[in-house]
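Worksheet for the structure shown next.
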Amino acid sequence: SASDPEGKELRPSVIFNKLRMLFPQVPLEKDIRNQEDPMILIERPKSTLNHMTEALQRAGSGEEELLSPWKAAYSWYYRKKDHRLNMLVRGMNFTNRLEKLEVNLVKKLFQKTEGKDLTLSPSRLEKFGRCPFAHFVLYGLAPEERRIFEVAGREVGDVYHQCLMGLSESLTVEGMDITDEKSPWMNLTKEKCFEKVGALIDQIASEYKEGMLIQGQEERYRTSRMKDVCSKAAWVMVDHVQQGRIKKIYFEEGFGIGTGKKFPPVQVTIGDRVLSIEGKIDRVDVLPGGYVKVIDYKSGHERFDIEEAKAGWRLQLMLYLKAAIDGLEENGKEVKPAGVFYFEIADPLIDATALDKVTLQSKLETEIRKAFKLDGVLLDDPKAIEGMTGDFSGYSEILPIHRNKAGEVKGTTERKLLSEEEFFDLQNAVDQTVTELCTSLASGIIDIHPKKTKYETACKYCDYKSICNFELSFDGCSYDVVK
């Protein structure tokens with residue numbers, strides 16, 4: 001079947017299928033480009049050159065032999081001394097391979113503070129893992145984005161994050177277990193939660209970027225929609241806590257070198273150098289028995305995949321977990337991982353066709369809970385699972401697991417529930433990948449070699465596609481496929 005430059009299947013247009021239904025007797029014919037007859041394609045000089053370029057590329061890659069009509073066409077352009085032929089030849093010989101940066105240049109570009117070791121954030125290392133060249137442009141050349149004064153995805157995410165952090169802090173009492181029966185978390189009602197979120201959003205909106213969220217009617221409407229979505233997310237977050245067994249929660253705690261950091265950095269030794277990975281963790285839950293759970297709040301669609309984590313496409317959660325566990329162990333606590341999860345802040349879309357008001361309300365509640373279910377991997381340990389979900393039957397409303405008729409807990413999909421050995425192997429694999437990525441970064445690698453997963457490529461949302469000239473037909477351009 002036909003495919004696009006990224007390998008995705010191309011399907012016939014809906015209009016084409018409708019025309020076939022209307023005129024079933026009309027015979028199908030290939031267009032002139034797909035009839036594989038060069039004599040049909042050789043017409044005017046400009047269009048012929050385009051088709052000849054494709055034929056030369058296929059011949060150069062060994063896909064097919066260059067047919068005599070194309071050889072004759074090439075000779076014609078050569079005799080005419082057509083300047084476009086020179087451009088074609090230069091393009092055919094173009095290579096997109098990049099040499100490594102010199103070590104001293106790496107230090108000048110990436111080591112901003114003289115005399116200190118290179119420090120990275122998890123998102124930055126993830127950026128390098130997805131495409132070394134994109135990392136080089138963003139953190140080395142450091143072009144400034146022309147920001148527009150508007151409410152976009154980044155601003156919405158900031159507000160959601162600030163609101164959930166503010167609500168969480170207001171419900172936490174120092175020295176009291178989170179799920180103690182006297183804890184504010186356990187006594188908060190849905191109505192009071194919505195009221196608190198509304199007040200927080202109003203406060204944030206009035207202060208955020210010089211009142212960007214209250215400038216006009218459009219912004220005020222968007223703020224009201226954000227209030228609605230964040231209220232639902234906040235209540236589900238509180239409900240998750242109320243169902244679980246949580247002793248302590250750390251909110252937006254930093255890890256790294258320096259005062260004010262709750263957890264230590266993740267350090268990688270490369271020869272005589274030490275690279276430190278520093279950042280901030282949205283939430284760390286400490287459960288009974290010393291189990292540790294990490295949650296990252298996301299306003300975009302994120303799904304945790306083990307192979308993507310091992311390959312360096314998705315590193316943040318596992319790095320957060322490592323930093324949290326190392327920090328808690330340094331304080332003399334015996335801890336072990338319970339799981340790592342994304343909490344997606346989303347507004348679910350529901351098909352209300354043929355539903356009465358009562359049924360719709362019931363389905364709405366169910367779909368909201370599904371939309372906010374945590375996605376990630378967890379330890380297959382009864383104590384850890386009870387600490388995160390409490391008692392449940394059937395499908396959990398909190399985690400990607402279910403309990404079958406025999407009472408056994410299973411993952412809703414493959415490789416969501418890991419044994420202690422599997423979790424340990426995952427952490428070791430990620431640690432090894434982190435070391436490899438840090439070594440490559442420090443050595444000056446800036447290859448145009450984006451990763452490609454089952455669902456997307458690193459180029460999909462890249463701002464630098466016009467700079468790298470990535471094209472699979474160029475020498476030096478290829479995807480690093482995550483299998």
Side-chain angles (χ1 to χ4, degrees), residues 156-208 223 226-254 260 262-263 280-299 320 324 327-328 338-347 365 368-369 371-374 376 384 386-392 396-399:
V156 171
D158 286 346
V159 173
Y160 287 158
H161 194 271
Q162 288 184 39
C163 182
L164 292 181
M165 292 302 110
L167 176 66
S168 299
E169 289 171 1
S170 71
L171 297 174
T172 303
V173 178
E174 186 67 31
M176 180 183 290
D177 285 1
I178 296 295
T179 51
D180 187 287
E181 60 180 14
K182 296 179 181 179
S183 169
W185 282 94
M186 304 303 288
N187 293 286
L188 188 69
T189 63
K190 185 176 181 179
E191 293 71 23
K192 190 66 177 176
C193 178
F194 277 42
E195 182 183 321
K196 281 179 171 287
V197 170
L200 281 167
I201 292 286
D202 288 340
Q203 180 184 345
I204 294 167
S206 65
E207 301 170 353
Y208 190 78
T223 301
M226 289 163 57
K227 189 182 295 185
D228 181 52
V229 174
C230 201
S231 295
K232 294 173 184 174
W235 175 243
V236 173
M237 177 188 72
V238 171
D239 186 53
H240 285 184
V241 171
Q242 291 178 349
Q243 290 187 54
R245 314 276 189 271
I246 303 173
K247 294 185 70 65
K248 187 175 181 62
I249 299 180
Y250 296 94
F251 301 105
E252 218 171 16
E253 290 288 0
K262 190 73 179 180
F263 305 113
K280 191 174 286 186
I281 311 172
D282 283 352
R283 181 173 148 192
V284 178
D285 292 3
V286 180
L287 313 176
Y291 294 96
V292 177
K293 175 180 71 174
V294 168
I295 293 178
D296 193 21
Y297 295 107
K298 295 291 186 183
S299 55
Y320 293 156
L328 292 169
V340 292
F341 305 97
Y342 291 120
F343 183 105
E344 182 185 350
I345 306 171
D347 196 13
E365 292 290 337
I368 287 175
R369 292 182 182 280
F372 294 115
K373 181 181 287 191
L374 302 181
E386 183 183 358
M388 291 184 280
T389 67
D391 297 325
F392 75 97
S396 169
E397 295 180 344
I398 300 175
L399 302 176

Value for OG (Ser396) from CG (Leu374), rounded to nearest 0.5 Å, stands at 8.5 Å
Shortest non-hydrogen contact from Ile249 toward Arg283: CG2-CG, 3.6 Å
So which heavy atom on Tyr250 is nearest to which on Leu328, and how close? OH-CD2, 3.8 Å
Rounded to the nearest 0.5 Å, what separates atom CE in Met237 from atom CD in Gln242? 10.5 Å
Gap separating the CG atom of Asp177 from the OG atom of Ser183, nearest 0.5 angstrom: 8.5 Å
Contact summary for Met388 and Leu287, nearest pair of heavy atoms: CG-CD1, 3.6 Å
Any side-chain donor paired with an acceptor under 3.5 Å for Gln243 and Asp239? yes
Looking at every heavy atom in both Val292 and Ala324, which two are closest together, and how far apart are they? CG1-CB, 4.4 Å
Please report the interatomic distance CD(Gln162) to CG(Asp158), rounded to the nearest 0.5 Å. 6.5 Å
Which atom names give the shortest non-hydrogen contact between Ile281 and Val294, and what distance separates them? CG2-CG1, 4.1 Å
Parallel, tilted or perpendicular: which one describes the rings of Phe251 and Trp185, with boundaries at 30° and 60°? parallel
Give a yes or no answer on whether the side chain of Glu397 reaches the backbone of Val236 with a donor-acceptor pair at less than 3.5 Å. no
Begin with the C-alpha distance, continue with both residues' side-chain angles, and end with the deciding distance and a verdict on salt bridge (Lys or Arg N to Asp or Glu O under 4.0 Å) for Lys227 and Asp202. CA-CA 9 Å; Lys227 189 182 295 185; Asp202 288 340; 2.8 Å; yes
How are the rings of Phe372 and Phe343 set to each other: parallel, tilted or perpendicular (split at 30° and 60°)? parallel
Let me see the working for Asp282 and Tyr320 under side-chain contact (heavy atoms from CB on, under 4.5 Å), right down to the final yes or no. CA-CA 9 Å; Asp282 283 352; Tyr320 293 156; over 6 Å; no
Interatomic distance, NZ@Lys232 vs NZ@Lys190, rounded to 0.5 Å, equals 9.0 Å
Spatial distance of atom CH2 (Trp235) from atom OG1 (Thr189) [nearest 0.5 Å]: 6.5 Å
Of all heavy-atom pairs linking Cys163 and Val197, the shortest is SG-CG1, 3.7 Å
